[in-house]
Protein chains: 2
Amino acid sequence: MTRRGRVASGQPTIADVARHAGVAVSTVSYVLSGKRAISELTRSRVLASIRLLGYHPNAGARALASRRANVIALVLPLRSGIQVPVVMQFATAVVTSARGHDHDVLLLTSDEGPAGLRRIAAGALVDGVLVMDVELHDVRVPLLRELGRPSVLIGLPTDTRQLTCVDLDFHRAGQLCVEHLAGLGHRRLALLGAPAAVYERGTGFAHRTRAGVIEAAARHGVDVVALPCEENAADVHRRVVGLFARHPDISALIVQNEAAVGPMQAALSALGRRVPRDVSVVAVCPDQFAEHASPRLTCVPVPAEEIGRQAVSLVMRKLHDELVPEVTLLPPRLTVRDSTSSPGR
Amino acid sequence: MTRRGRVASGQPTIADVARHAGVAVSTVSYVLSGKRAISELTRSRVLASIRLLGYHPNAGARALASRRANVIALVLPLRSGIQVPVVMQFATAVVTSARGHDHDVLLLTSDEGPAGLRRIAAGALVDGVLVMDVELHDVRVPLLRELGRPSVLIGLPTDTRQLTCVDLDFHRAGQLCVEHLAGLGHRRLALLGAPAAVYERGTGFAHRTRAGVIEAAARHGVDVVALPCEENAADVHRRVVGLFARHPDISALIVQNEAAVGPMQAALSALGRRVPRDVSVVAVCPDQFAEHASPRLTCVPVPAEEIGRQAVSLVMRKLHDELVPEVTLLPPRLTVRDSTSSPGR
DNA sequence: ACGGTTTGTCGAAGCGCTTCGCCAGCGTCC
DNA sequence: GGACGCTGGCGAAGCGCTTCGACAAACCGT
């Protein structure tokens, strides 16, 4: 019996590789990690053995010995009012770019709450944490600060001290929408926002967009009505009809609610207002969605993939003890399509 | 120096707990796992120490020693034509129910392909694998068979031998739609299906629904036109208009494409056909989506959460070496709402 | 009072890997 | 030509946990 008192796992171990290549275990390890110089001859012999035996390092053993799991956690929201496609795009971007850094991604939902975070972080299941759907006064923030593991927030809480946050500059995005519309000559706008619940729980992006819209409107001498909007067709219809009943001279809409776009268009057409002839529409939503709508929507895209990449890159840098900025805001840009034009034409 | 030659991690270890409670390390382990009888007195002393020290078992060490990572992998698709909200619902259901079995979820995207699967499985990063978006002749299927780790497919490949699959019975779902409409008196139907690419790559659910629809239509002596449908408003519009141009007497639509529902309704209303007065609509989509549409849609809901729970439960049973059925098909049910009625009323 | 179980606990041997210290062999430089 | 520095490799000590076998002590029936 050469080794092992218990049941064999079937998988070859680093010792098998070492024996097969005629070198020491540590040499194999150094070939794999590149942390010490290894002669080209030995290197290729070891690599050949690895390939031949179909060796894959055991993740648990590696994590135990190196104190690095090569896994990061991604905490996703699952509650109502989230932009599902955005979240999904974001998640895939995170997985893809984490793999580019030789890390895997552990998926958590926020419903296990802070306890879940503590469990995986303290248990060394993950090296770092990415948190989505951050609220202005998020309960997880104090925990993240004390956790002792690198973390990156997607979204901005009120107090960003000692944190690392990345997000689209939604304030600027709101401004961009207004500037575009004001530039076209619109004087009365409305913002069809996220569901009321999203504002109530203090989700940053909704507040920041609204603030940007209102601020820019004031600056450009433009009137704006901001109202939240649920994600069902009936509510959207009611809101839009009510809006134009109270403010018949509104000539442009800013929409930050993907689910509302379709129903909104239906409501407008029911009111006999055509886009963009009678009403211009600017959306804050994934580019692809705007592209697929009819008419194609002028929009400020939410660069979910770019945010995901940035978040991963930031957490990796923190893992390497680099200093990173507390806040990274990506500059939004506005893509002009077919849903906006000058009013009264 | 009591322990450790290298840098302290800060986290208390099981040895710290044992020392604090005045017992052996193995005793603490048995308290935690419950695998041997421990006196109530000792048990409570140990638990008290654990709480006091804030001990969390190290995942890597545990995985190494026990040969179980307590993690399952979830392979999600990220390509076009997938039903994003369904996937998302599914993912959260998987995470939630995995946690109920004391497991975490590692997120993979299918773009790393079979190599990714092999890596995590061989490396013992995960104990089992859940694979979504299965094609009829999926390249990953042979790999799963040889992988030596429990796996569950969400969706049905052509050959299910030696596999475990779970899905909604889409064939029956298609039948249900037709039966409902035929029962109302409709004689000419159309199926607005998934994007063409989805059929082309042999994704099971699309094929099976279509087959069920066609089969039931033949059985009920009903005509049906089945056509794929892209996810952008312009294509949907074109298809719907073309459809009624060629078949003006079609009185009901079956839709299996969430993104197409809104544009379809818009197209119908542009054609002057009202739902359900002139055209009845049955959707195969998440219940919530149907509920939020206007009018509320009669639908066959895709029970993403239930499928997720089932998938986790199956993989857990396989982890415990239980025998499980090769194929689990959940029975669909049809929810009648406001989008269907008898024709010509 | 004495074998035979149970019950509760302990000690130690790994799990498969990383990493530290050590050293042999070589070229190099006054 | 000896002190020195590299280079390439080895051996062994853990990392923190689970689990197996051993074994006192308590309990049993007789």
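Quick caveat: nothing in here was measured; it's all calculated off a predicted structure. Here is how names work: the chains are called A, B, and so on, in the same order as the sequence lines, proteins then strands, and each is numbered from 1.
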Nearest 0.5 Å, please: how far is [atom2] in [Y] from [atom1] in [X]?
X      : Y      : atom1 : atom2 : result
A:L107 : B:L108 : CG    : CG    : 11.0 Å
A:E146 : A:Q162 : CD    : CD    : 11.5 Å
A:I154 : A:D133 : CD1   : CG    : 10.5 Å
A:L163 : A:D138 : CG    : CG    : 10.0 Å

All N/O contacts under 3.5 Å from nucleotides 24-27 of chain D to the protein, with atom names and distances to one decimal?
none

(request) Please determine which of B:V46, B:L52, B:V28 meets the side chain to side chain contact (heavy atoms under 4.5 Å, CB included) test together with B:H20. (result)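 For B:H20, the side chain to side chain contact (heavy atoms under 4.5 Å, CB included) test succeeds with only one of B:V46, B:L52, B:V28, which is B:L52.
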Taking [atom1] from [X] and [atom2] from [N], how many angstroms apart are they, rounded to a whole number?
X      : N      : atom1 : atom2 : result
A:L125 : D:dC15 : CG    : C1'   : 16 Å
A:K35  : C:dC17 : NZ    : C1'   : 12 Å
B:L32  : D:dC17 : CG    : C1'   : 10 Å
A:N58  : D:dG16 : CG    : P     : 17 Å
B:Y55  : D:dT18 : OH    : C1'   : 10 Å
A:H56  : C:dC17 : NE2   : P     : 12 Å
A:L64  : C:dT19 : CG    : P     : 12 Å
A:I14  : C:dT19 : CD1   : P     : 11 Å

(message) Check this for me, if you would: do A:R140 and A:E135 make a salt bridge, where the nitrogen-to-carboxylate-oxygen distance has to be below 4.0 angstrom?
(response)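 Looking at A:R140 and A:E135, the cut-off is not met.
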(message) Just N and O in the side chain of A:R68: are any of them under 4.0 Å from OP1 or OP2 of C:dT19?
(response) yes
(request) Determine: side-chain N/O of B:R62 to OP1/OP2 of D:dT18, distance under 4.0 Å, yes or no. (result) yes
(request) Ignoring hydrogens and angles, state whether a donor on the side chain of A:T42 or A:S39 is under 3.5 Å from an acceptor on the partner side chain. (result)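 The answer is yes; a qualifying pair exists.
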(message) Could you walk me through whether A:L117 and A:L144 satisfy the side chain to side chain contact (heavy atoms under 4.5 Å, CB included) test, starting with their C-alpha distance in whole Å, then the side-chain angles of each, then the deciding distance to 0.1 Å, before giving a yes or no?
(response) CA-CA 8 Å; A:L117 271 179; A:L144 290 176; 4.1 Å; yes
Where do N or O atoms of nucleotides 8-12 of chain D meet protein N or O atoms at under 3.5 Å, pair by pair?
from	atom 1	to	atom 2	distance (Å)
D:dG9	OP1	A:S39	OG	2.8
D:dG9	OP1	A:T42	OG1	2.1
D:dG9	OP2	A:S39	N	2.7
D:dG9	OP2	A:S39	OG	3.2
D:dG9	OP2	A:T42	OG1	3.3
D:dG9	O6	A:R36	NH1	2.6
D:dC10	OP2	A:A24	N	2.8
D:dC10	OP2	A:T27	OG1	2.4
D:dG11	N7	A:S26	OG	3.3
D:dG11	O6	A:S26	OG	3.2

(message) I'd like to know if the side chain of B:T164 and the backbone of B:V152 have a donor-acceptor N/O pair within less than 3.5 Å.
(response) no
